[in-house]
Amino acid sequence: METPVYDFVTEYSRKNMSRLHMPGHKGRSFLGCEARDITEISGADVLHQAEGILGASQDNAAQLFGAGRTFYSTEGSSLCIKAMLTALVQGSTGTGRKYILAARNVHRSMVDACGLLDLELEFLTNPASGHLLASKPTPEQLRQSLKRCETLPIGVYVTSPDYLGNIVDVGGLSAVCREYDLPLVVDNAHGAYLRFLEPSVHPMQLGAAMCCDSAHKTLPVLTGGAYLHVASSWQEAYVAYAKKAMAVFGSTSPSYLILQSLDLCNRYLSEKYREKLLDTVRKVGQLKEILRSYQIPVMDTEPLKIVIDAAGAGYDGEETAQEMREYAIECEYADHQFVVCMLTVENTAMDHARIRRWGEHTALRMHRNPVVYPAVSAGMAERVCSIREAVFHASETVPVEDAVGRICAAQSVACPPAVPIAVSGERITEEMVTLFQNYGIRTVVVLANP
């Protein structure tokens with residue numbers, strides 16, 4: 001597959017031009033990558049009006065992922081999420097109340113987008129989960145939720161895979177959405193690689209109208225590289241609005257280093273990546289079984305995550321993550337309950353060996369009484385005002401123990417995992433305060449009292 005962006009920059013660097021344009025380093029080496037770091041000079045195309053080499057590269061990505069249209073982001077899936085919700089709002093043909101129906105474990109960028117767009121957010125009610133990050137609505141739960149709606153939402157929104165590696169039934173959910181002529185939008189930030197499994201379980205093949213992929217999470221792309229995919233059957237409804245929103249919310253100075261990595265990744269994916277991925281999935285599966293043979297509680301998750309239920313073995317996940325560091329392993333995420341390790345094709349045999357060696361010696365092999373954390377309610381908290389009203393209202397910061405009964409003004413959880421405990425405009429409950437404390441959050445931002 002051609003790599004027009006990478007090739008253009010390679011040729012430009014070869015010419016050794018006098019760079020009387022941005023960036024200020026002028027191609028001189030500081031980090032070592034500056035010669036390839038350019039701006040939107042003549043011939044380099046313009047990301048948000050991509051009609052040249054960037055347009056050709058995005059078309060290549062759309063072909064690879066089976067999308068009608070694909071847009072590049074150099075600002076991660078956070079930008080794509082804002083664009084998807086904008087497209088939903090502007091592409092909606094109804095004249096009544098506009099809101100989106102979502103599983104509770106949304107990323108904070110989704111809540112921020114609702115605030116910017118003044119879009120109402122309602123959560124699917126499904127049984128309480130064992131963790132803040134987990135929410136797996138079933139097709140039947142979605143169908144029952146939609147039956148109860150007085151006015152239908154402008155779309156349904158789910159996160160899959162989530163941070164703990166749970167994958168929802170995207171195909172089943174999209175079928176229910178078709179019954180109601182609704183678009184299904186998927187935050188697939190952790191699942192770009194799913195397209196290249198056999199068979200593909202990527203949202204674009206399972207009926208989603210739009211989805212975002214953080215290429216940098218599971219593919220060899222620089223941090224910030226992401227895709228926004230629009231399905232062929234939804235192009236007319238959403239492409240123009242999505243393209244405009246990417247420009248409205250995105251920087252006018254996109255990183256050409258990230259764009260080149262997205263461009264090069266197209267060729268990488270089109271060659272022998274599928275075979276490498278299948279081999280990696282097999283090896284990671286074997287590694288999970290080895291750890292389970294040591295009585296380590298490894299969860300049943302997506303293929304490239306190893307998620308360990310430390311609390312289930314009577315231990316603290318953060319302490320387990322520290323134990324892993326003694327074996328030269330840095331995990332993706334850890335809290336009191338879970339440790340999450342993300343692997344890809346690019347991990348080496350040494351990485352796998354270190355995990356095995358840790359597994360041979362970890363304290364988790366000596367089970368203690370499980371630590372049971374209270375289930376997290378997946379239903380609606382009391383909404384006092386809209387997200388937008390809360391975000392732009394006067395606010396103050398208070399100690400978390402004094403926040404019960406106050407109205408959340410801003411999200412207070414770090415990234416990772418960036419899943420809000422209390423959403424802006426919701427009344428903070430004792431359960432939420434307990435979760436804040438479990439995540440080490442000492443203060444929260446609330447609406448200022450009149």
Side-chain angles (χ1 to χ4, degrees), residues 1-6 8 40 44-91 107 109-110 113 116-117 155 157 183-192 194-195 202-205 208-219 221-266 269-270:
M1 180 169 280
E2 294 183 352
T3 53
V5 182
Y6 178 83
F8 174 86
E40 292 164 320
D45 207 357
V46 177
L47 180 58
H48 300 309
Q49 299 173 1
E51 297 176 347
I53 58 174
L54 287 169
S57 186
Q58 290 181 151
D59 288 346
N60 287 342
Q63 177 185 340
L64 284 165
F65 284 90
R69 285 288 297 276
T70 293
F71 299 100
Y72 286 161
S73 166
T74 63
E75 300 166 66
S77 283
S78 295
L79 171 59
C80 301
I81 288 168
K82 293 181 177 69
M84 290 192 299
L85 294 194
T86 301
L88 280 183
V89 170
Q90 296 190 321
H107 191 271
S109 59
M110 190 271 194
L116 290 169
L117 297 167
Y157 185 104
L184 176 68
V185 177
V186 182
D187 176 351
N188 187 57
H190 285 244
L194 298 176
R195 165 59 174 156
H202 189 274
M204 284 294 96
Q205 282 72 61
M210 291 183 284
C211 80
C212 62
D213 297 348
S214 286
H216 68 90
K217 285 182 168 63
T218 59
L219 302 177
V221 169
L222 295 179
T223 297
Y227 313 104
L228 190 166
H229 303 297
V230 183
S232 298
S233 57
W234 291 92
Q235 283 189 88
E236 184 176 351
Y238 296 132
V239 162
Y241 298 122
K243 179 180 179 180
K244 181 175 69 173
M246 293 289 281
V248 167
F249 293 111
S251 172
T252 56
S253 299
S255 166
Y256 264 80
L257 294 175
I258 297 174
L259 290 172
Q260 288 171 78
S261 71
L262 286 164
D263 186 53
L264 270 181
C265 189
N266 289 337
L269 294 174
S270 70

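Positions are given from 1 along the sequence.
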Close side-chain approach of L47 to F71, heavy-atom, < 4.5 Å: no

Shortest non-hydrogen contact from M110 toward Y157: CG-CZ, 3.5 Å

Side-chain heavy-atom pair C212, D187 within 4.5 angstrom cut-off: yes

Spatial distance of atom OG (S109) from atom CG (L79) [nearest 0.5 Å]: 9.5 Å

Nearest-0.5 Å distance that lies between atom OG in S57 and atom CG in L264: 9.0 Å

Side-chain touch R195/M204, heavy atoms, less than 4.5 angstrom: no

Pairwise distance CZ(F8) to CD1(I53) - rounded to 0.5 angstrom: 5.5 Å

Note, P183 side chain near L88 side chain (heavy atom, < 4.5 Å): yes

Steps toward side chain to side chain contact (heavy atoms under 4.5 Å, CB included) verdict (T3, N266): CA-CA 7 Å; T3 53; N266 289 337; 5.7 Å; no

Pairs under 3.5 angstrom only: tabulate donor-acceptor contacts from the side chains of residues 226-247 to other protein residues two or more places apart or in another chain.
| unit_1 | atom_1 | unit_2 | atom_2 | d |
| --- | --- | --- | --- | --- |
| H229 | ND1 | T70 | OG1 | 2.8 |
| H229 | NE2 | D213 | OD2 | 2.9 |

Identified side-chain contact (heavy atoms from CB on, under 4.5 Å) counterpart of P4 within the set D59, N60, L54: N60

Spacing of R69 atom CZ and M210 atom CE [to the nearest 0.5 Å]: 13.5 Å

Side-chain heavy atoms of C211 within contact of H202, under 4.5 Å: yes

Residues in side chain to side chain donor-acceptor pair (under 3.5 Å) contact with Q260, at least two apart in sequence or another chain: R36

From Y6 atom OH to L259 atom CG, the distance as rounded to the nearest 0.5 Å: 15.0 Å

Residue pairs fulfilling side chain to side chain donor-acceptor pair (under 3.5 Å) with at least one residue in residues 76-89, sequence neighbours excluded: S77-S214

Flag side-chain contact, heavy atom, 4.5 Å: F65 against L269: yes

Taking every non-hydrogen atom, the tightest pair across L262 and S73: CD1-O, 3.9 Å

Donor-acceptor under 3.5 Å (Y256 side chain, V5 main chain): no

Nearest non-hydrogen partners of L222 and L257, listed with the distance: CD1-O, 3.5 Å

T74/S251 under side chain to side chain contact (heavy atoms under 4.5 Å, CB included): CA gap, chis, key distance, verdict: CA-CA 9 Å; T74 63; S251 172; 5.9 Å; no

Beyond-backbone contact of P254 with H48, side-chain heavy atoms, under 4.5 angstrom: no

